[in-house]
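Note that the coordinates shown come from a computational prediction; the quantities given were computed from them, not determined experimentally. Residue numbers start from 1 in every chain, and the chains themselves are labelled A, B, ... in the order their sequence lines are given, proteins ahead of strands.
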Number of protein chains: 2
Amino acid sequence: MNKNKTLSLTTYGLKNTNQRKALYELLQKQNQPVKAEDLYKELQNKNIAISLSTIYRILDAFLEKGIVSKTTIDNDGVIYYEVPRSKHFHHLICLSCHKIVNFENCPIHDFEDELANKTNFAIAYHQLDVYGYCPECLAKMKEKHSTIK
Amino acid sequence: MNKNKTLSLTTYGLKNTNQRKALYELLQKQNQPVKAEDLYKELQNKNIAISLSTIYRILDAFLEKGIVSKTTIDNDGVIYYEVPRSKHFHHLICLSCHKIVNFENCPIHDFEDELANKTNFAIAYHQLDVYGYCPECLAKMKEKHSTIK
DNA sequence: GTCCTTGCAAATTTTTTGCATTTGA
DNA sequence: TCAAATGCAAAAAATTTGCAAGGAC
């Protein structure tokens with residue numbers, strides 16, 4: 001019925017190996033960014049043979065094609081991957097308790113067009129994270145302060 | 001003339017150790033994000049005794065106080081630190097050749113206010129990175145494509 | 001004096017690489 | 001066929017942690 005069922009990575013100039021197909025499929029299913037290790041475990045659970053280094057290498061290939069994007073969360077040095085979608089989240093992160101709040105309304109789409117015109121880049125996606133102190137931590141700070149006084 | 005010359009980390013509730021003072025001073029001088037290792041080397045060159053693990057611990061303390069912010073560049077898993085300033089750069093990164101172009105005009109300041117009102121976070125700073133293909137890589141891709149045809 | 005901070009070394013975590021083998025086009 | 005992709009094991013890179021000693025307040 002639908003030829004897309006047999007998914008073709010060759011469109012991107014990538015060989016259609018079992019490992020790549022499995023990884024591509026798995027990435028499509030995620031509804032949040034995942035790390036290489038997560039993908040490895042999930043594929044192991046499904047008894048799909050793949051090594052972790054292959055996952056890293058495939059992810060690099062996908063990144064170069066824009067099939068996936070990479071992100072960090074709270075900049076902790078761990079890299080997360082996801083399929084870029086028009087509907088996406090950004091993070092608001094507390095500097096004190098490291099709570100992460102997602103927000104969806106993204107203010108920079110128009111800006112991207114402007115940037116594309118200015119730089120002649122073909123823009124694929126972006127990452128935006130905002131840092132600050134959450135209401136709870138702010139309250140704690142105030143409390144502490146007034147006790148000292 | 002200026003009391004600020006003797007800088008006081010105690011304002012932030014941090015003990016005023018030599019290592020902290022030296023690191024704080026050094027961070028102030030940077031005009032771009034630096035990694036822990038960079039800071040370590042620079043302090044060694046100045047014959048200031050400090051260990052790398054102490055640098056990481058101090059940076060963590062500074063992060064929690066909002067004295068520094070952390071960033072990744074092209075999400076390569078290395079963490080960079082800088083003193084947040086109102087004038088700051090964001091990155092436009094090529095997915096193919098990993099060229100990094102800075103841009104200064106930041107479109108989200110108004111948005112931050114809105115976000116603060118909505119979430120009651122006290123917002124300190126943000127990170128924005130845009131990914132795409134640079135004009136040169138785009139040209140190469142086109143060339144390749146037409147050769148195949 | 002007490003609690004916080006530091007140094008050192010070892011451990012952990014994440015990612016990359018070399019090389020022999022396998023596989024898709 | 002043959003360049004490209006994979007697996008394995010080892011290495012590299014970045015960051016964290018335990019613990020004993022030192023230092024600020």
DNA chain C contacts among residues 62-82 of chain B, heavy-atom distance under 4.0 Å: none
Give each protein N/O atom lying under 3.5 Å from an N/O atom of nucleotides 4-9 of chain C, with the pair distance.
{"unit_1": "C/dC4", "atom_1": "O4'", "unit_2": "B/Lys15", "atom_2": "NZ", "d": "3.1"}
{"unit_1": "C/dT5", "atom_1": "OP1", "unit_2": "B/Arg20", "atom_2": "NH1", "d": "2.9"}
{"unit_1": "C/dT5", "atom_1": "OP1", "unit_2": "B/Arg20", "atom_2": "NH2", "d": "3.0"}
{"unit_1": "C/dT5", "atom_1": "O5'", "unit_2": "B/Arg20", "atom_2": "NH2", "d": "3.4"}
{"unit_1": "C/dT6", "atom_1": "OP1", "unit_2": "B/Thr17", "atom_2": "OG1", "d": "2.7"}
{"unit_1": "C/dT6", "atom_1": "O3'", "unit_2": "B/Gln19", "atom_2": "NE2", "d": "2.8"}
{"unit_1": "C/dG7", "atom_1": "OP1", "unit_2": "B/Gln19", "atom_2": "NE2", "d": "3.0"}
{"unit_1": "C/dG7", "atom_1": "OP1", "unit_2": "B/Ala49", "atom_2": "O", "d": "3.3"}
{"unit_1": "C/dG7", "atom_1": "OP2", "unit_2": "B/Ser51", "atom_2": "N", "d": "3.0"}
{"unit_1": "C/dG7", "atom_1": "OP2", "unit_2": "B/Ser51", "atom_2": "OG", "d": "3.4"}
{"unit_1": "C/dG7", "atom_1": "OP2", "unit_2": "B/Thr54", "atom_2": "OG1", "d": "2.6"}
{"unit_1": "C/dG7", "atom_1": "N7", "unit_2": "B/Arg57", "atom_2": "NH2", "d": "3.1"}
{"unit_1": "C/dG7", "atom_1": "O6", "unit_2": "B/Arg57", "atom_2": "NH2", "d": "2.9"}
{"unit_1": "C/dC8", "atom_1": "N4", "unit_2": "B/Ser53", "atom_2": "OG", "d": "3.2"}
{"unit_1": "C/dC8", "atom_1": "N4", "unit_2": "B/Arg57", "atom_2": "NH2", "d": "3.3"}

Euclidean distance, atom NZ of residue A/Lys41 to atom C1' of C/dT14 [Å, nearest integer]: 13 Å
Distance, nearest 0.5 Å, that separates CD of A/Glu136 from SG of A/Cys94: 8.0 Å
Between CD1 on residue A/Ile67 and CG on residue A/Leu27, distance to nearest 0.5 Å: 9.5 Å
Rounded distance [0.5 Å steps], NZ in B/Lys87 versus CG in B/Asn31: 11.0 Å
Rounded distance (Å) that lies between atom P of D/dA12 and atom NZ of B/Lys35: 16 Å
Test ring-ring contact (aromatic ring centres under 6.0 Å, His included) applied to B/Phe103 and A/Phe111, step by step: CA-CA 12 Å; B/Phe103 61 89; A/Phe111 177 75; 5.6 Å; yes
B/Asp110 atom CG, neighbour heavy-atom count above 12 within 6.0 Å: no
Donor-acceptor contact below 3.5 Å, side chain A/Tyr133 vs main chain B/Lys65: yes
Whether B/Tyr125 and A/Tyr131 hold their rings parallel, tilted or perpendicular, with breakpoints at 30° and 60°: parallel
side-chain hydrogen bond (donor to acceptor under 3.5 Å, both in side chains) assessment of B/Asn102 paired with B/His91: CA-CA 5 Å; B/Asn102 291 335; B/His91 305 296; 3.0 Å; yes
Interatomic distance, A/Tyr40 OH vs C/dT13 P [rounded to whole Å]: 16 Å
Rounded distance (Å) that lies between atom C1' of C/dT15 and atom OH of A/Tyr56: 5 Å
